[in-house]
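Reviewing the structure listed below.
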Amino acid sequence: MGLYSSHLSKIENLEDIMAETGFSKSHIGRLYNRFEGLDESNRGCLSRADFQRIGGLAVNPLGERIINAFFPDGKDTVDFRSFIRILACFRPVRKVKYSDPLAPEPINSRDNKLRFAFQLYDQDRDGKISRDELYQVLFMMMEAEVTPDQLDNIIDRTIQEADQDGDGTISFEEFKKSLEKVNLEHKMSIRFLQ
């Protein structure tokens with residue numbers, strides 16, 4: 001672990017980060033190495049431009065929205081702890097036989113994975129996905145595959161099926177209910193190397 005152990009000495013509150021994120025020291029060392037690699041200006045924080053250089057995000061139709069998730073509340077930079085907290089959302093969930101009901105919800109819980117996905121749609125942060133917000137995301141994802149009429153039909157059907165209170169939008173609770181049978185563990189988890 002030589003290279004990673006030297007990184008670990010640079011990380012403040014390592015034990016707290018391990019407890020909060022569920023990552024092992026080895027994972028944190030690797031992620032710190034990646035963080036430093038992205039931080040080309042050696043400022044100890046990442047900017048949007050640092051994320052935009054990641055090839056996979058550059059070609060992802062939702063790349064800009066994923067990047068925005070790292071910068072809540074209009075922040076211009078993200079430090080290592082914030083960076084690793086976002087990534088922890090995608091850590092696979094470990095099945096625990098006896099969990100403490102008073103313990104805080106893990107960062108990588110099903111609800112937190114859903115909150116992350118929900119915010120990719122809810123760009124105005126009003127707690128609801130409007131027809132226009134749904135259109136923007138589906139258009140980015142399916143632009144070349146469907147006609148405008150087909151896209152409108154998909155959006156209308158999605159809202160009709162998910163909108164339980166009839167307000168023409170999808171709240172987080174409605175979003176959560178509409179995805180209750182989806183295997184998020186498979187769709188929203190990254191297998192981090194040991």
Nearest heavy-atom neighbours spanning D39 and G44: OD2-N, 2.7 Å
In Å, rounded to the nearest 0.5 Å, how long is the span from CZ of R81 to CG of N13? 5.5 Å
Neighbour count above 12 (heavy atom, 6.0 Å) for E180 CD: yes
Report the distance from atom CG of L14 to atom CG of L8, rounding to the nearest 0.5 Å. 5.5 Å
Working to the nearest 0.5 angstrom, can you tell me the gap between F90 CZ and N112 CG? 10.5 Å
Considering only heavy atoms from C-beta outward, does the side chain of L31 approach that of F35 to under 4.5 Å? no
In the structure I gave you, are the side-chain heavy atoms of I54 and R34 within less than 4.5 Å of one another anywhere? yes
Working for side chain to side chain contact (heavy atoms under 4.5 Å, CB included), residues I159 and R131: CA-CA 8 Å; I159 290 175; R131 186 183 199 293; 3.7 Å; yes
Just verifying a value: how many Å separate F118 CZ and I170 CD1, rounded to the nearest 0.5 Å? 8.0 Å
Measure across F175 and S178 and return the closest heavy-atom pair with its distance rounded to 0.1 Å. O-OG, 2.8 Å
Rounded to the nearest 0.5 Å, how far apart are CZ of R115 and CD1 of I107? 12.0 Å
Backbone of N60 reached by a side-chain donor or acceptor of E64 within 3.5 Å: no
D16 side-chain N/O to E20 backbone N/O, donor-acceptor pair under 3.5 Å: no
Residue pairs fulfilling salt bridge (Lys or Arg N to Asp or Glu O under 4.0 Å) with at least one residue in residues 40-51, sequence neighbours excluded: E40-R53, R43-D50, D50-R53
Ignoring hydrogens and angles, tell me if any N or O in the side chain of E133 forms a donor-acceptor pair with the backbone of D124 under 3.5 Å. yes
Closest heavy-atom pair and its distance - F23, I28: CB-CG1, 3.7 Å
Any donor and acceptor pair, going by atom type alone, linking the side chain of R85 with main-chain N or O of I17 inside 3.5 Å? no
Show your reasoning for whether side chain to side chain contact (heavy atoms under 4.5 Å, CB included) applies to R125 and Q119. CA-CA 7 Å; R125 303 287 189 253; Q119 76 176 348; 3.7 Å; yes
Full working for side chain to side chain contact (heavy atoms under 4.5 Å, CB included) between D167 and K128: CA-CA 10 Å; D167 67 352; K128 299 209 174 244; 2.6 Å; yes
What's the verdict on side chain to side chain contact (heavy atoms under 4.5 Å, CB included) for L120 and F116, showing C-alpha distance, side-chain angles and the deciding distance? CA-CA 7 Å; L120 295 179; F116 184 91; 4.1 Å; yes
Once ring pair (Phe, Tyr, Trp, His ring centres under 6.0 Å) is applied, do any residues pair with F51, and if so which ones, sequence neighbours excluded? F70, F71
Main chain of C89, side chain of K113: is a donor-acceptor contact present, judged purely on distance under 3.5 Å? yes
What do the steps show when you test K177 against E174 for salt bridge (charged side-chain N to carboxylate O under 4.0 Å, His left out), and what is the final call? CA-CA 5 Å; K177 179 139 180 65; E174 291 167 336; over 6 Å; no
A side-chain contact here means heavy atoms from C-beta on lying under 4.5 Å apart; do L114 and F172 qualify? yes
Of L46, L62, V78, L57, the one forming a side chain to side chain contact (heavy atoms under 4.5 Å, CB included) with I67 is L57
Would the distance check show the side chain of N108 and the main-chain N or O of P92 forming a donor-acceptor pair, the cut-off being under 3.5 Å? yes
Under 3.5 Å, side-chain donor or acceptor atoms of residues 134-142 against the rest of the protein: list the pairs with distances, not counting sequence neighbours.
| unit_1 | atom_1 | unit_2 | atom_2 | d |
| --- | --- | --- | --- | --- |
| Q136 | OE1 | R65 | NH2 | 2.8 |
| Q136 | NE2 | D132 | OD2 | 2.9 |

Approximate separation, where rounding is to 0.5 Å, of Y121 OH and T169 OG1: 15.0 Å
